[in-house]
Enquirer: 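For reference, the structure I am asking about is given below.
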Amino acid sequence: MLDIRYIRENAAAVQENARRKGYDVSVDEVLRWDKTKRQLQQQADELREKRNDISSRMKGGKPEPSLVEEGKALKDQLTAVEANLKEADATFIEQLKKLPNMALPTVPVGTTEDENVVIRTVGEKPQFDFEPKNHWELAETKDWIDKARAAKIAGARFAYLKGDLVRLELALWQFGMDVLGNEAILQKIIDDNGLKVSAKPFTPVIPPAVARTAVFQATGRLNKEEQTYKLEDEDLWLNASAEHTMAPMYMDEILAEDSLPIRLVGYTTAFRREAGTYGKDAEGIFRLHQFNKLEMESFTGADTSLEEHLLMVAIQEYLMQQLGLPYQVLEKCTADIGRPNAKGVDIEVWLPAQNSYRETHTADYITDFQTRAMKTRVRRGNGSVELAHTNDATVFSERPLIAIIENFQTASGDVIVPEVLRPYLGGRETV
RNA sequence: GGAGAGGUGCCCGAGUGGUUUAAGGGAACGGUCUUGAAAACCGUCGUGCCAGCAAUGGUACCGAGGGUUCGAAUCCCUCCCUCUCCGCCA
């Protein structure tokens, strides 16, 4: 959520920002509730001051009837004020949480994802002297994907992945973990991109795949209608990314400055309802209710968070280059970056059979929007306390497998394994 | 899932209704002393919110949320978590 003091002083800018991001919210209403809440808070504080005063005059255990009467009267007043305060505060927080994070001035203004701006195109698109197949056509002949039986078991948008496709996927996780855990490689990426951040390696994490309502809400990522699955009979939601369970790890904690940056690379199975996408990407494994994912998450101070975001994008590009996949980098527009984001970058991979670039990676620059709700703070060397900043970004999902299959297919229907993955596949050159 | 015991600050730990403004110890930080260090001694040492230019004042927070009371860390209820034993289990 946003800082209420910032909203008070920049109401017009906050309203305009919400409009640009496509959120129908009223800053004036937030400010009205803020004012109401503060007035009630003031009244409550004054009544409590009197109550505490009376109480301190009665210490010693011999209550004077007149003071007790006065206390009773105060109690009635306070009960009424506190009831109003509680209601006003709840409404205020509810309204406040609806306001989207401020987009950086550099974020392109747009009303749909079509207005995202391509800032880089990297790699050569493959040339085929035969008609390239879709990933699901290739997978069919290899018996890699069984969606018919998965539908029988779990419904549409689920799949059994089988055979060498599974081995290829496991290789991808290994490769990603190895790059993110290698300080020398990170230092090279940092140097090549002119960044000045630490080369501290990412710590591998396997997080819980579920989170409580309050925790999920604090991340700003709970999206009941379209995305998030709820467990029946439990106050638990299935995560749609390891981000959702790693970002709140340090809730209610004050981190020591010298522990930063905290860098995590989490592996989890992600679950997404995908409501409202009926018929979209119905074939193959491009859009499933369940998929595996490797995700970066980091906690930094405000001073280094933007560079941290740029590092994550640089890592994503490095990974795609190592795999030899052609891709483009997009600066996401205001309508597409999402409510908690101040900035967002997507990477889209070239899919020859679809004759288009499709999203494989996202990098989210969140600033303090999550940590304000999560109360994750940093204690500086001089003793001052400030909100931490979070960043998250995709390392790999299963979508790069689609890109590998389609870009590296041969006339005979085999797939050439990217060199960097071969060590994890016993040196095999094709699958 | 059953039975029992617990949850207090960075850590340990005292506190069972009224100067708790949370004792005491440790750690940390600053200082005195010392050639330097250790020891000793002195001091500092939680996080929000509101008002204020500030100094400061008020208020809240002892796992979470309710309740009882003039007054709750303390009593009651619900929930969460930890530990011990039992049961079940990859």
Side-chain angles (χ1 to χ4, degrees), chain A residues 1-9 30-97 206-218 230-237 245 248-260 262 267-269 299 301-302 368-388:
Chain A
M1 58 175 134
L2 284 176
D3 181 359
I4 184 60
R5 279 169 294 197
Y6 177 85
I7 299 171
R8 284 176 202 147
E9 288 162 20
V30 172
L31 289 176
R32 270 199 300 278
W33 281 107
D34 173 46
K35 195 173 177 186
T36 302
K37 187 201 73 165
R38 275 195 287 168
Q39 285 170 343
L40 289 166
Q41 179 77 54
Q42 193 71 38
Q43 290 174 31
D45 280 355
E46 284 166 12
L47 289 169
R48 284 168 183 157
E49 185 180 3
K50 288 180 192 165
R51 181 193 65 186
N52 291 343
D53 180 55
I54 289 172
S55 178
S56 72
R57 280 193 277 152
M58 267 196 279
K59 73 204 167 190
K62 34 182 184 299
E64 296 169 34
S66 65
L67 284 179
V68 171
E69 283 311 306
E70 200 179 334
K72 278 183 179 173
L74 271 176
K75 183 186 179 181
D76 290 342
Q77 290 178 54
L78 189 55
T79 301
V81 171
E82 279 179 336
N84 290 335
L85 174 60
K86 191 180 168 189
E87 197 182 334
D89 190 52
T91 309
F92 166 67
I93 292 289
E94 184 190 330
Q95 299 289 325
L96 179 62
K97 281 182 173 173
I206 297 180
V210 295
R212 292 183 169 136
T213 305
V215 175
F216 222 126
Q217 276 175 343
K230 173 85 166 58
L231 289 186
E232 198 178 358
D233 298 331
E234 305 287 340
D235 178 35
L236 293 172
W237 303 76
T245 43
M249 271 179 78
Y250 300 98
M251 267 177 75
D252 300 315
E253 292 189 41
I254 300 178
L255 307 169
E257 183 173 23
D258 60 13
S259 71
L260 304 181
I262 292 176
Y267 173 80
T268 194
T269 300
F299 300 84
D368 58 13
F369 195 80
Q370 292 177 324
T371 52
R372 183 168 293 109
M374 299 187 300
K375 299 185 173 67
T376 300
R377 289 153 293 174
V378 177
R379 190 187 309 280
R380 294 295 190 182
N382 64 11
S384 68
V385 173
E386 59 190 64
L387 289 170

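By convention in this document, chain letters (A, B, ...) are assigned in the order of the sequence lines, proteins followed by strands, and residues within each chain are numbered from 1.
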Enquirer: A:Glu253 has an atom CD; how far is it from atom C1' of B:G48, in whole Å?
Expert: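 Answer to the nearest Å: 17 Å.
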
Enquirer: Mind checking salt bridge (Lys or Arg N to Asp or Glu O under 4.0 Å) for A:Glu82 and listing every partner two or more places apart, or none if nothing turns up?
Expert: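 Salt bridge (Lys or Arg N to Asp or Glu O under 4.0 Å) list for A:Glu82, sorted by chain: A:Arg48.
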
Enquirer: Tell me the partner of B:A60, counting only Watson-Crick (N1-N3 plus N6-O4 or O6-N4) or G-U wobble (N1-O2 and O6-N3) with both under 3.5 Å; none if nothing fits.
Expert: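 Because both required distances fall under 3.5 Å, B:A60 counts as paired with B:U47.
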
Enquirer: Between B:U34 and B:U44, how far apart are the C1' atoms? Round to whole Å, please.
Expert: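 After rounding to an integer number of Å, I get 23 Å for this pair.
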
Enquirer: Can you list everything that forms a side-chain contact (heavy atoms from CB on, under 4.5 Å) with A:Ala209? Sequence neighbours excluded, please.
Expert: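 Partners of A:Ala209 by the side-chain contact (heavy atoms from CB on, under 4.5 Å) criterion, ordered by chain and then number, come out as A:Asn239, A:Thr268.
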
Enquirer: Quick one: list whatever passes ring pair (Phe, Tyr, Trp, His ring centres under 6.0 Å) with A:Tyr250, sequence neighbours left out.
Expert: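 A:Tyr250 satisfies ring pair (Phe, Tyr, Trp, His ring centres under 6.0 Å) with A:Phe299 once adjacent residues are dropped.
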
Enquirer: Under 4.0 Å from OP1 or OP2 of B:G71: is there any side-chain N or O of A:Asn52 that close?
Expert: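 So the side-chain polar atoms of A:Asn52 never come under 4.0 Å of the phosphate oxygens OP1 or OP2 of B:G71.
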
Enquirer: CD1/A:Ile54 to NZ/A:Lys75 distance, rounded to the nearest 0.5 angstrom?
Expert: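 Here the interatomic distance stands at 13.0 Å.
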
Enquirer: Can you list everything that forms a side chain to side chain donor-acceptor pair (under 3.5 Å) with A:Arg51? Sequence neighbours excluded, please.
Expert: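 Side chain to side chain donor-acceptor pair (under 3.5 Å) list for A:Arg51, sorted by chain: empty.
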
Enquirer: A:Asp53 CG to B:G58 P: how many Å, rounded?
Expert: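 It works out to 11 Å between those atoms.
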
Enquirer: Return the 5'-most residue of the pair A:Gly71, A:Glu386 with respect to RNA chain B, ranking by each residue's nearest nucleotide.
Expert: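 That would be A:Glu386.
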
Enquirer: Tell me the closest heavy-atom pair linking A:Ala373 and A:Ala218, and the distance in Å.
Expert: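 What the structure gives for the nearest pair is CB-O, 3.8 Å.
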
Enquirer: Check nucleotides 44-46 of chain B against the protein and report each pair of N or O atoms closer than 3.5 Å, with its distance, or say if there are none.
Expert:
none

Enquirer: Checking A:Glu257 now: which residues fulfil salt bridge (Lys or Arg N to Asp or Glu O under 4.0 Å) with it, not counting sequence neighbours?
Expert: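 By the salt bridge (Lys or Arg N to Asp or Glu O under 4.0 Å) rule, A:Glu257 matches A:Arg380.
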
Enquirer: State which residues pass side-chain contact (heavy atoms from CB on, under 4.5 Å) with A:Glu234; sequence neighbours excluded, sorted by chain then number.
Expert: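 If we apply the side-chain contact (heavy atoms from CB on, under 4.5 Å) test to A:Glu234, skipping adjacent residues, the hits are A:Leu231, A:Leu236.
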
Enquirer: Tell me, which of residues 37-50 of chain A have any heavy atom that sits under 4.0 Å from an atom in RNA chain B?
Expert: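 Under 4.0 Å from RNA chain B: A:Arg38, A:Gln42, A:Asp45, A:Arg48, A:Glu49.
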
Enquirer: Could you tell me the separation between the CG atom of A:Asp89 and the P atom of B:C49, rounded to a whole number of Å?
Expert: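 Taking CG of A:Asp89 and P of B:C49, I get 12 Å after rounding.
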
Enquirer: Which whole number of Å gives the distance between the P atom of B:U16 and that of B:A73?
Expert: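 Pairwise P distance, B:U16 against B:A73, rounds to 13 Å.
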
Enquirer: Let me know the distance between NZ of A:Lys375 and P of B:G63, rounded to the nearest Å.
Expert: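 Whole-Å distance recorded here is 17 Å.
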
Enquirer: Which pair of heavy atoms, one from A:Ala388 and one from A:Thr371, lies closest together, and at what distance?
Expert: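 Scanning both residues completely, I find the closest heavy atoms to be O-OG1, 2.6 Å.
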
Enquirer: Between B:G63 and B:U82, how many Å separate the two P atoms, rounded to a whole number?
Expert: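 Straight-line distance between the two P atoms is 16 Å.
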
Enquirer: For B:U69, give its Watson-Crick or G-U wobble partner with both distances under 3.5 Å, or none.
Expert: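 Partner of B:U69: none.
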
Enquirer: Distance check needed: B:G48 C1' versus A:Met251 CE, whole Å only.
Expert: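 Distance check: A:Met251 CE to B:G48 C1' gives 15 Å.
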
Enquirer: Side chains of A:Ile4 and A:Val30: closer than 4.5 Å at any heavy-atom pair?
Expert: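 Yes, their side chains come closer than 4.5 Å.
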
Enquirer: Could you check how far CG of A:Leu74 sits from P of B:U69, rounded to whole Å?
Expert: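 Atom CG in A:Leu74 sits about 16 Å away from atom P in B:U69.
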
Enquirer: Using Watson-Crick or G-U wobble geometry with both distances under 3.5 Å, which nucleotide pairs with B:A3?
Expert: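 Pairing partner, where one exists within any strand: B:U84.
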
Enquirer: Taking the C1' atom in each of B:U21 and B:G9, what is the distance between them to the nearest angstrom?
Expert: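 15 Å, rounded to whole Å.
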
Enquirer: Please give the nucleotide sitting opposite B:G17 as a Watson-Crick or G-U wobble pair, both distances under 3.5 Å, or none.
Expert: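 By the stated definition (distances under 3.5 Å), nothing pairs with B:G17.
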
Enquirer: Tell me, please, which residues at least two apart from A:Lys375 pass side-chain contact (heavy atoms from CB on, under 4.5 Å).
Expert: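 A:Lys375 satisfies side-chain contact (heavy atoms from CB on, under 4.5 Å) with A:Asp252, A:Arg377 only.
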
Enquirer: Has the side chain of A:Arg372 got a donor or acceptor atom that lies under 3.5 Å from a matching backbone atom of A:Met1?
Expert: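 Yes, the answer is positive, given that a donor and an acceptor are paired below the 3.5 Å cut-off.
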
Enquirer: In Å and rounded to the nearest 0.5 Å, what is the CD to CZ distance from A:Glu9 to A:Arg5?
Expert: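 Reported value, rounded in 0.5 Å steps: 9.0 Å.
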
Enquirer: Name the nucleic acid region contacted by A:Arg380, choosing base, sugar-phosphate or nothing; use a 4.0 angstrom heavy-atom cut-off, strictly under.
Expert: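 It contacts nothing in the nucleic acid.
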
Enquirer: My understanding is that a pair needs two contacts under 3.5 Å, Watson-Crick or G-U wobble. By that rule, which nucleotide pairs with B:A22?
Expert: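 Because no pair has both required distances under 3.5 Å, B:A22 counts as unpaired.
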
Enquirer: Could you list the protein-to-nucleotides 78-81 of chain B atom pairs, N/O on both sides, closer than 3.5 Å?
Expert:
from	atom 1	to	atom 2	distance (Å)
B:C80	O3'	A:Arg212	NH2	2.6
B:C80	O2'	A:Arg212	NH2	3.2
B:C81	OP1	A:Arg212	NH2	3.3

Enquirer: Rounded to the Å, how far apart are A:Ile4 CD1 and B:G48 P?
Expert: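 It is 17 Å, rounded to the nearest whole Å.
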
Enquirer: Could you tell me how far B:A37 sits from B:G52 if I compare only their C1' atoms? Round to whole Å.
Expert: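 Comparing C1' positions in B:G52 and B:A37 gives a spacing of 47 Å.
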
Enquirer: Please tabulate, one pair per line, all N/O donor-acceptor pairs under 3.5 Å involving side-chain atoms of residues 31-40 of chain A, not counting sequence neighbours.
Expert:
from	atom 1	to	atom 2	distance (Å)
A:Asp34	OD1	A:Arg8	NH2	3.1
A:Asp34	OD2	A:Arg8	NE	2.7
A:Asp34	OD2	A:Arg8	NH2	3.4
A:Asp34	OD2	A:Arg38	NH2	3.4
A:Thr36	OG1	A:Arg32	O	2.9

Enquirer: What nitrogen or oxygen pairs link the protein and nucleotides 64-67 of chain B at under 3.5 Å?
Expert:
from	atom 1	to	atom 2	distance (Å)
B:G66	OP1	A:Lys86	NZ	3.2

Enquirer: For the side chain of A:Arg51, counting heavy atoms from C-beta on, which of B:U47, B:A60, B:U69 is nearest?
Expert: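 From the listed options, B:A60 comes nearest.
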
Enquirer: Categorize A:Lys72 for me: base, sugar-phosphate, or nothing, with a 4.0 angstrom heavy-atom threshold over every strand shown.
Expert: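 Result for A:Lys72 = sugar-phosphate.
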
Enquirer: For B:A38, which nucleotide is its Watson-Crick or G-U wobble mate, given both distances must be under 3.5 Å?
Expert: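 Matched B:A38 with nothing under the 3.5 Å cut-off.
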
Enquirer: If you measure from the P atom in B:C10 to the same atom in B:U47, how many Å do you get, rounded?
Expert: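 The same atom, P, in both gives a distance of 8 Å.
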
Enquirer: Can you tell me, in whole Å, how much space there is between the P of B:G25 and that of B:G6?
Expert: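 27 Å, rounded to whole Å.
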
Enquirer: Sticking with atom P, work out how far B:U68 lies from B:U74, rounded to a whole angstrom.
Expert: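 Rounded to whole Å, the distance is 15 Å.
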
Enquirer: Identify the two heavy atoms, one from A:Leu85 and one from A:Ala44, that lie closest to each other, and give their separation to 0.1 Å.
Expert: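 Result for this residue pair: CD2-CB, 4.3 Å.
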
Enquirer: Which pair of non-hydrogen atoms, one from A:Leu96 and one from A:Leu2, has the smallest distance, and what is that distance?
Expert: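 Closest approach of A:Leu96 to A:Leu2, heavy atoms only: CD1-O, 3.9 Å.
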
Enquirer: To the nearest Å, how far apart are A:Asp76 CG and B:U69 C1'?
Expert: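 Whole-Å distance recorded here is 13 Å.
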
